[in-house]
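The structure presented is a predicted model; accordingly, all values stated were derived computationally and were not measured.
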Amino acid sequence: MNFLENLFSKYPKEKVIKWFKQICLAEAISWFFLFSAMIWIRTEPENILAIIYISTIGSIHGLFFTLYLVFLPSIRKIFDWDDEDSVFALISAFFPFATIWIDKKLARFDRE
């Protein structure tokens, strides 16, 4: 994790927090589009546009999912999360729209 700490230490905390919040939202939105692609590919499995759509959206969602996981260690340090909060944030990456909840409730300085 030293590599990630060195990478994010070049930027102010406010900028890293802003990026994390944008990634949380983008990951949730891309999941919605991925879900629509999964429905489309199930209804029309031979349609070339459906195949292109699901592969494109899947790649984009994978990018945002990976970015979310890469940002978690630095965000944990910035917000001084304990182990329970960190595990909850990690697990929320695997549930639809849970990253929005992390953005709104857990990634704040004024929470108790």
(request) Could you tell me which residues satisfy side-chain hydrogen bond (donor to acceptor under 3.5 Å, both in side chains) with S74, sequence neighbours excluded, listed by chain and number? (result) none

(message) Does any part of the side chain of I75, heavy atoms only, come nearer than 4.5 Å to the side chain of Y68, both counted from C-beta?
(response) no

(message) Test of understanding: with side-chain contact (heavy atoms from CB on, under 4.5 Å), list the residues that count as partners of L49, not counting sequence neighbours.
(response) W40, N47

(message) Just verifying a value: how many Å separate H61 NE2 and T66 OG1, rounded to the nearest 0.5 Å?
(response) 9.0 Å

(message) Going by the rule side-chain contact (heavy atoms from CB on, under 4.5 Å), which residues pair with S59 if we only count those two or more places apart in sequence or in a different chain?
(response) none

(message) Is any side-chain heavy atom of F79 closer than 4.5 Å to one of D85?
(response) no

Mind listing the side-chain donor-acceptor pairs of residues 10-26 below 3.5 Å, one per line with the distance, residues two or more places apart or on another chain?
residue : atom : partner : partner atom : Å
K21     : NZ   : D103    : O            : 3.3
K21     : NZ   : D103    : OD1          : 3.1
K21     : NZ   : A107    : O            : 3.2

(request) State, to 0.1 Å, how close I102 and A89 come at their nearest heavy-atom pair, and which atoms those are. (result) CD1-CA, 3.8 Å

(request) Among residues two or more places apart or on two chains, list those pairs meeting salt bridge (Lys or Arg N to Asp or Glu O under 4.0 Å) that have a residue in residues 53-79. (result) E5-K77, R76-D83

(request) Provide the closest heavy-atom pair for I54 versus I41 in the form atom of the first, atom of the second, distance. (result) CD1-CG2, 3.7 Å

(message) Suppose we screen for ring pair (Phe, Tyr, Trp, His ring centres under 6.0 Å). Which residues come up paired with F33, at least two apart in sequence or across chains?
(response) none

(request) Apply side-chain contact (heavy atoms from CB on, under 4.5 Å) to L63 and list each qualifying residue two or more places apart in sequence or on a separate chain. (result) L67

(message) For a quick test of reading the model, state the closest non-hydrogen atom pair linking S92 to A98 and the distance between them.
(response) O-CB, 3.3 Å

(message) What's the separation between atom CD1 in I29 and atom CD1 in I57, rounded to the nearest 0.5 Å?
(response) 11.5 Å

(message) Once side-chain hydrogen bond (donor to acceptor under 3.5 Å, both in side chains) is applied, do any residues pair with S36, and if so which ones, sequence neighbours excluded?
(response) Y53

(message) Once salt bridge (Lys or Arg N to Asp or Glu O under 4.0 Å) is applied, what residue pairs with a partner in residues 24-51 remain, sequence neighbours excluded?
(response) none

(message) I'd like to know whether W81 forms a side-chain contact (heavy atoms from CB on, under 4.5 Å) with L72, so could you lay out the CA-CA distance, the side-chain angles of the two residues, the decisive distance to 0.1 Å, and finally the verdict.
(response) CA-CA 10 Å; W81 288 347; L72 273 182; 4.0 Å; yes

(message) Using the ring pair (Phe, Tyr, Trp, His ring centres under 6.0 Å) criterion, which residues pair with F95? Sequence neighbours excluded.
(response) none

(message) Just to verify, what does F35 make a ring pair (Phe, Tyr, Trp, His ring centres under 6.0 Å) with, not counting sequence neighbours?
(response) W31

(message) For a quick test of reading the model, state the closest non-hydrogen atom pair linking L69 to A93 and the distance between them.
(response) CD2-CB, 4.1 Å

(request) Under the side-chain contact (heavy atoms from CB on, under 4.5 Å) rule, collect the residues that match up with V87, sequence neighbours excluded. (result) I91

